[in-house]
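Worksheet: the structure to be examined is printed underneath.
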Protein chains: 2
Amino acid sequence: MPETRTPNRPIYRQVAEQIAEEIKAGILPADARISSERELAERYGISRMTARAAINILAQRGLIVRRNRSRAYVAQPKFRFDLSSPGGLHEQLRKAGVEPGAKLITAEMLPYDALSPKVVQALVLDEGASVYHIVRVRTANGEPIAVEDSYFPAHLFPDLLDFNLTDSIYGILRKYFAVEPAGSVQELEISLLDAEWAEIMGVAVDLPTLEIWRQAFTADNIPFEFAHDIYRGDRILFIARTAGPESFLAGSGQLWQQALDNLQADGA
Amino acid sequence: MPETRTPNRPIYRQVAEQIAEEIKAGILPADARISSERELAERYGISRMTARAAINILAQRGLIVRRNRSRAYVAQPKFRFDLSSPGGLHEQLRKAGVEPGAKLITAEMLPYDALSPKVVQALVLDEGASVYHIVRVRTANGEPIAVEDSYFPAHLFPDLLDFNLTDSIYGILRKYFAVEPAGSVQELEISLLDAEWAEIMGVAVDLPTLEIWRQAFTADNIPFEFAHDIYRGDRILFIARTAGPESFLAGSGQLWQQALDNLQADGA
DNA sequence: AAGTGGTCTAGACCACCAT
DNA sequence: TGGTGGTCTAGACCACTTC
């Protein structure tokens with residue numbers, strides 16, 4: 001019976017904190033394999049269920065990543081995604097030196113009759129108008145980080161499905177349809193990844209996520225996209241800017257970045 | 001041994017789904033008390049640990065709320081908060097017919113030497129400048145929904161601490177200091193509520209949250225606030241707008257709202 | 001005083017994965 | 001084939017809430 005670290009705090013939380021400290025201190029570097037639940041149980045003299053509870057906390061907090069039903073590994077730093085940037089996820093990842101990817105799950109044209117009212121309303125569709133429905137799993141350096149469930153008015157983007165839909169869709173819209181995303185209204189919700197999406201993404205169920213419903217507009221205020229995105233909260237850090245001249249914000253961004261780096265260094 | 005509902009899906013998840021359906025169907029209305037873990041265990045012929053796992057899922061998903069160490073109750077609908085609106089949380093809640101409140105945790109003046117580099121950088125402080133440090137728990141209809149940990153340059157807001165800091169701080173800045181929030185840069189992170197903040201807020205640990213680091217600017221691009229906010233993800237729905245003329249967005253907002261109501265009705 | 005949630009144990013079986 | 005995570009059990013003790 002090894003003595004427990006601090007009193008009055010549950011054991012599973014103490015164990016989680018200890019592992020978290022080892023990760024922050026670099027003793028367990030990124031991609032290092034975490035001890036198995038049974039090993040942890042023996043090492044700390046606790047039951048496996050208690051060790052498992054500790055691991056669960058770390059996984060939900062994004063400090064470790066479970067791959068399939070296999071062991072857990074120390075997570076790489078989170079990816080950054082600017083919600084208010086006109087550039088899509090694909091372009092932002094590439095600029096950051098990350099290899100973006102997409103796995104096409106669904107690509108279909110839906111006739112007007114098959115559309116739910118929310119799509120019709122969000123895209124302000126005329127009677128009879130059909131839409132393209134595209135579902136993709138987005139990856140960063142091969143790791144699944146999001147799913148996008150998007151709808152585009154077919155009359156705006158003829159033959160959209162013939163393009164390579166694993167590329168940046170916003171890039172396609174720009175290059176071939178001269179559509180420039182100019183604004184959006186988004187609704188954000190913190191949620192847990194449900195079993196169906198978890199399976200599609202190939203990641204663990206119940207991961208905390210940022211769920212976004214987005215209506216995107218052209219400069220002429222034509223809604224050209226309605227999307228339902230789910231981003232892994234354990235793997236992504238989000239940026240958002242409101243108002244303010246872009247030039248200034250670009251400058252302050254660096255300062256901001258510095259400040260946050262210091263935050264990290266403090267070890268919050 | 002009562003037969004299990006559907007095959008191949010863990011029991012605790014089936015029980016959670018069943019309770020979730022009862023909530024969505026209105027059989028369990030808002031504020032209704034959920035059966036105790038032992039009652040559920042007996043009713044479904046499962047162990048208490050399994051029943052507890054089901055309850056945990058519902059709590060993290062925001063369908064039920066635990067009060068202290070007491071029983072769980074069906075949650076009220078989530079509050080809405082527009083991240084890109086210049087109006088603060090206080091004003092937005094009031095407009096929505098919700099009673100906003102704040103509990104002052106800390107109100108102090110910090111000398112320059114006591115400041116962390118991140119505060120100095122974010123507020124672009126001159127050597128020797130001091131700041132006001134204010135920590136508040138924000139409530140909606142008496143329910144704790146967020147904590148705000150904010151820093152204001154003292155030279156911009158002399159005697160700020162003498163005001164009633166349970167009112168809207170942005171309101172105070174407007175009325176008495178003629179400072180109009182004009183823009184912000186925010187960094188958002190999905191996280192789980194840690195034990196310290198959970199205790200300060202008086203809610204359960206490990207609730208999914210939206211954590212925000214914010215640098216707010218005046219129309220003259222003077223950073224007047226640096227804040228670290230933590231919002232309960234299980235109780236708040238967030239809105240964000242990027243670009244686009246306000247008039248148009250105001251109009252489309254209603255359409256958007258309708259679309260989301262339909263989404264809810266679909267029972268996602 | 002009784003009931004409740006929070007924690008913890010020492011087992012168990014299974015499906016899946018790597019070897 | 002052996003180890004692993006995922007699930008589940010039938011208990012237990014404690015602190016706290018509720019009555």
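Numbered from 1 within each chain, the chains take letters A, B, ... in sequence-line order. Values below: every heavy atom of this structure, side chains too, minus hydrogens, waters and symmetry copies.
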* Is the distance from OP1 or OP2 of dG6(D) to the nearest side-chain N or O of R52(A) less than 4.0 Å? -> yes

* Asked: Given atom CD1 of I46(B) and atom C1' of dG11(D), what is their separation to the nearest angstrom?
  -> 16 Å

* Say whether, by atom type as modelled, one donor and one acceptor occur between the side chain of N141(B) and the main chain of E143(B) under 3.5 angstrom. => no

* Salt bridge check: are R61(B) and D206(A) linked by an N-O gap of less than 4.0 Å? -> yes

* Asked: Within this structure, what is the CD-to-P distance between E37(A) and dC8(D), rounded to whole angstrom?
  -> 15 Å

* To do: Remember a base hit wins even if backbone is also touched, and classify I55(A) as base, sugar-phosphate or nothing at under 4.0 Å, heavy atoms.
  => nothing

* Interatomic distance where CD1 belongs to I64(B) and P belongs to dT4(C) [whole Å] -> 15 Å

* Structure fact -> From the candidates dG5(C), dG5(D), dC8(D), the one with an atom nearest any side-chain atom of I11(B) is dC8(D)

* Distance below 4.0 Å between S36(A) side-chain N/O and dT4(D) OP1 or OP2 -> yes

* Asked: Hey, does the side chain of S47(A) come within less than 4.0 Å of dA10(C)'s phosphate (OP1/OP2), counting only N and O?
  -> no

* **Rounded distance in Å - CG (L40(B)) to C1' (dT9(D))** => 17 Å

* To do: Classify the side chain of R48(A) and the base of dG6(D) as holding, or not holding, a donor-acceptor pair under 3.5 Å.
  => yes

* dT7(D) phosphate, OP1 or OP2, under 4.0 Å from Y12(B) side-chain N/O -> yes

* To do: Between S35(B) and M49(B), just flag the one whose closest nucleotide in DNA chain C comes earlier from the 5' side.
  => S35(B)

* Side-chain donor/acceptor of Q14(B) to backbone N/O of R9(B), under 3.5 Å -> yes

* Asked: Ignoring hydrogens and geometry, is there a side-chain-to-backbone donor-acceptor pair from T50(B) to Y12(B) under 3.5 Å?
  -> no

* Between dT19(C) atom P and R71(A) atom CZ, what is the distance in whole Å? -> 10 Å

* Taking only side-chain nitrogens and oxygens of T50(B), does any of them come within less than 4.0 Å of OP1 or OP2 of dT9(D)? -> yes

* To do: Establish whether the base of dG5(D) is bridged to the side chain of R66(A) by a donor-acceptor pair shorter than 3.5 Å.
  => no

* Structure fact -> From CD of Q14(A) across to C1' of dG6(C) the rounded distance in Å is 14 Å

* Structure fact -> When rounded to whole Å, the CZ to C1' distance for the pair R9(B) and dC8(D) reads 18 Å

* Euclidean distance, atom CD of residue E42(A) to atom C1' of dA10(C) [Å, nearest integer] -> 14 Å

* Taking side chain to side chain donor-acceptor pair (under 3.5 Å) as the test, write out the residues that go with R67(B), two or more places apart. => D31(B)

